Amino acid sequence: MSITSTPHDSPKRKRLDSEISHGRDYDSEAERAKLDYAYDEDSPSDVENSFHTPKEERDDASIKRRRVDRPTRLNYVLHMTLRGHKRGVAAAKFSPDGRWIASCSADSTIKIWNAQTGALVHTLEGHLAGISTITWSPDSKVLASGSDDKNIRLWDTTTGRCFPTPLKGHHNYVYSLAFSPKGNMIVSGSYDEAVFLWDVRTAHLMRSLPAHSDPVSGVDFVRDGTLIASCSSDGLIRIWDTGTGQCLKTLVHEDNAPVTSVRFSPNGKFILAATLDSTVRLWNYVEGRVVKTYQGHKNQGFSISSSFGTYTADTSPDEEDDNSDPPPKWAFVACGSEDGKTVLWDLNSKEILQTIDSHEGVVLGVDVGMDDQTMITCGVDKTVKVWKRQAMVSESTEQSRQQSPRVNNDDA
Amino acid sequence: MNLPLSDPLLLAQDIPETLIANLRCPGTAVCMRFSHKGDLLASGTAKGSIVVFDLETNGVARRLPGHTAGRTVQSLSWERSGRYLLSSSVDWKVILWDLNDGSRVRTVNLGAPVYIAELHPQNYLWCVAALYEYRPVLADLTSTSVKQFGLPNLPKRAPHEQEGAEKADAKHFATVAAFTPCGTHVITGTTKGWLSIISTVTHETVYSIRLCNKPILLIRLSRSGRDLLVNASDTIIRTIKLPDLTNPNLHADSIKLDVEHKFQDVVNRLSWNHVAFSSNADYVMASTLMNHDIYIWERVHGSLVKILEGPREELGAVEWHPTRPIVAATGVESGRIHIWSINTPQRWSALAPDFAEVEENIEYIEQEDEFDIHPIEELQKRRLDQEDEEVDVLTVDDEQLEREGGVGKTSEFRMPVLLDMGGESDSEDELIAMGAGQYRRKSTAHEDTDFEDGPSGYESHGTNGTTGTKRRRA
């Protein structure tokens, strides 16, 4: 994707370093390609340049002229460390409105933090055992938590109070939870190997799905709520019809490795699943085949969740035109690792965009904010960390910054 | 998003066949309506309360107290986005509800018991109502001081028919009124079997026709507005093709209504409680008086295609879901709402991905390279190399957006989810006086667990503080 397919012999092309380099890339000389890789890190400033260039100067109408090259690196840096939990933090989630961060821990509390300032807003106490999973309601007002005390509790996040009726029914630890997109249902997976569907309004059990033969480690709703995905240590991912409770599809990889998390893609057409063979896979669930495999992290014993994220080319706000199309977005996949790292892969190329040294010990959870700029991770080291994306800072960037005015002068 | 995984045979099925659920509701449901999106069902009870059900959970989503307790709710009508609901009752009142917070936008006293009230399809601040022994009313709810416009009761007669009309028009009132989908006309039915088309602009009758000698009970229009369904007390259900009333060139004299089909049971002479079109008006269904069945006819040949059975009670109001093959009906005795849908059997091949369901035995043909042995690393590498297709996980299909109702509409209404609906004590009609200071709940324990398939039904009752003491005699 980073290769611009325009001919490089156009005189106008010379203005932009990156495009020159891509042009060379086009020559497919191995040496040059190596050089490109270094140049690619400059992409933030290149993009700034390209935004300055008037449209009509761009040649080759067949290709959309506002094309922005996909960054080949991301640069998330530590923004805040949220301390307060007394034991390992199992999950941390942004609220859908982006204002809050909720984290749940083995110390049987949930903490709600201000996503901007990192201030602790509420500590929710009421569970009698460690909490494995939390999920926000779509309106960000209610948080649901699933605990080893077999209960699911609903919390009013504005007051920090617990709703009086817990969702009772699981016979063993509650392991995974998800709110439906309308906020009227909750799906839960448990060590009792069942998937339960709950009516949130009445706190009644609606449906029990005889799902798996091992603990259900992950559940998720598709964007319109008509499908539920569940996964388990038995190595299966099952897709259920929410309305009828029937299993519509079962996905299984031949290695049969225990699956620890499952997530529908933002458009609902794919499923991301992490397995204990240190692999994250993207499934086309309709056709039942793996379309992408992501490797490079370590995950053999812990239930580590994976997450989708999106990124845009680095642009500082003042560079953006008001009337322009929304900038192109690419998707990445994020997953924690047992060696304390968080790994980000580009969804399509499967290249590692960034490896972040994030925690001491296992990184248990990762969640990417809706703004493409923030990410949270949590781990067994009792902390939640907030990461902010920054433009790539490197010597070559400095260099290109100095170069860019010169390039523009050439143009004039 | 479940469509690509669903069995095409099941998707092709457009008539419900089996009873799938009962909705637990406080009181006796007598009327109901699906919202336009089909995710909610509003029901009104004989005791004046209104309950909105969520069809995904089959649970109560909102209660709307406001009509005089003890008076039957007569009709309900949804605004298109699902935010507003109009209800009418024999307590003379018509109430427009805002489902965002459950508040009343307008409460209008129409001066007579209401048979039926319906919202204008385009503008939720207009409604039409048919009143008991009074003229139909068009009401403008725009301001708090509601304007009411009387509509004519009497049919439009040709000059030569005027003779003796005065005598015939004694005690001649409209019993039912309905808007056409564009809202330009109101169609009314009268106690003497006349059908009238009234302009909402001039408030004058454009056209009238006499269908029978008995009162007309219900008029329903299909969503296209070109089909009319009329239930009259002469035990005949009629479907009528309507001309395009939106056409400005349509001349009143050129309107001619012909009955397309007459549905009746000539053997048992059954009368029909309530009638409804299917979502695309291909089918007509009716619940029967003193009988437990719902009859479904198709409209091409006018033949009976299905009789829905299930509950052992007479059924009152029937409604067809706006998009899916789902039918809801109220039980006259129990007051519960029964829901029929299609049967979806579990496909066993879905549970085991290595298996496929076949109709006949198929001889297995081995592929040339099927049992070739390759080093695992090589296989792995080859597989990873094959994953070179472009995958888009972000873009949502327009079709899917359309289905979610999000195209072009930035602020789509979504009713807030109220928690603790189960813990809230139900309205007064659920408690029945047993003696001095003693009450019992009308709904008994087995009713409450109807929809449950787990033990939670019992538990939530335990948490309902008041029931523990009041239920001792139940």
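The figures here come from the full heavy-atom set of this structure, side chains too, leaving out hydrogens, waters and symmetry mates. Numbered from 1 within each chain, the chains take letters A, B, ... in sequence-line order. The shown structure was predicted, so the numbers you read here are calculated from the model rather than taken from an experiment.
- Ranking B:Val396, B:Val417, B:Asn2 against chain A, the residue ahead of the rest is B:Asn2, based on heavy-atom pairs under 4.5 Å.
- Looking at A:Val286, the atoms closer than 4.5 Å to chain B (heavy atoms on both sides) sit in the backbone and in the side chain alike.
- Of the atoms belonging to A:Leu197, not a single heavy atom falls under 4.5 Å from chain B.
- Contacts of B:Thr344 with chain A are made by both backbone and side-chain atoms, with heavy-atom separations under 4.5 Å.
- A salt bridge links B:Glu389 with A:Arg289: at least one charged nitrogen is closer than 4.0 Å to a carboxylate oxygen.
- Scanning residues 137-145 of chain A against chain B with a 4.5 Å non-hydrogen threshold yields A:Val142, sorted by number.
- Counting heavy atoms from C-beta on, the side chains of A:Tyr285 and B:Leu5 come closer than 4.5 Å.
- Residue contact with chain B, scored on non-hydrogen atoms closer than 4.5 Å, is absent for A:Glu287.
- Rounded to the nearest 0.5 Å, atoms NZ (A:Lys329) and OG1 (B:Thr395) are 11.0 Å apart.
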- request: Please test A:Lys292 against B:Val391 for side-chain contact (heavy atoms from CB on, under 4.5 Å), starting from the C-alpha separation and ending with a verdict.
  value: CA-CA 9 Å; A:Lys292 300 283 173 186; B:Val391 174; 3.7 Å; yes
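- Distance check, rounded to the nearest 0.5 Å: NZ of A:Lys350 to CG of B:Asp388 gives 8.0 Å.
- If you take CG on A:Leu347 and CG on B:Leu394, they are separated by 7.5 Å, rounding to the nearest 0.5 Å.
- The CD atom of B:Gln380 sits 7.0 Å away from the CG atom of A:Asp255 when rounded to the nearest 0.5 Å.
- For A:Leu272, no part lies near chain B; criterion is any non-hydrogen pair under 4.5 Å.
- Evaluation of the ring pair (Phe, Tyr, Trp, His ring centres under 6.0 Å) rule for B:His338 yields no partner, not counting sequence neighbours.
- Under the side chain to side chain contact (heavy atoms under 4.5 Å, CB included) criterion, B:Ser349 pairs with B:Arg347, B:Glu357, not counting sequence neighbours.
- We find that A:Lys182 and B:Asp54 are not joined by a salt bridge, their nearest charged nitrogen and carboxylate oxygen being 4.0 Å or further apart.
- Between chain B and the residues A:Lys249, A:Met185, A:Arg223, the most heavy-atom pairs under 4.5 angstrom are made by A:Arg223.
- Of the inter-residue distances, the one linking B:Thr57 atom OG1 with A:Ile186 atom CD1 reads 12.0 Å to the nearest 0.5 angstrom.
- Identified by a heavy-atom distance below 4.5 Å to chain B, the contributing residues of residues 238-248 of chain A are A:Arg238, A:Ile239, A:Asp241, A:Thr244, A:Gln246, A:Cys247, A:Leu248, in residue-number order.
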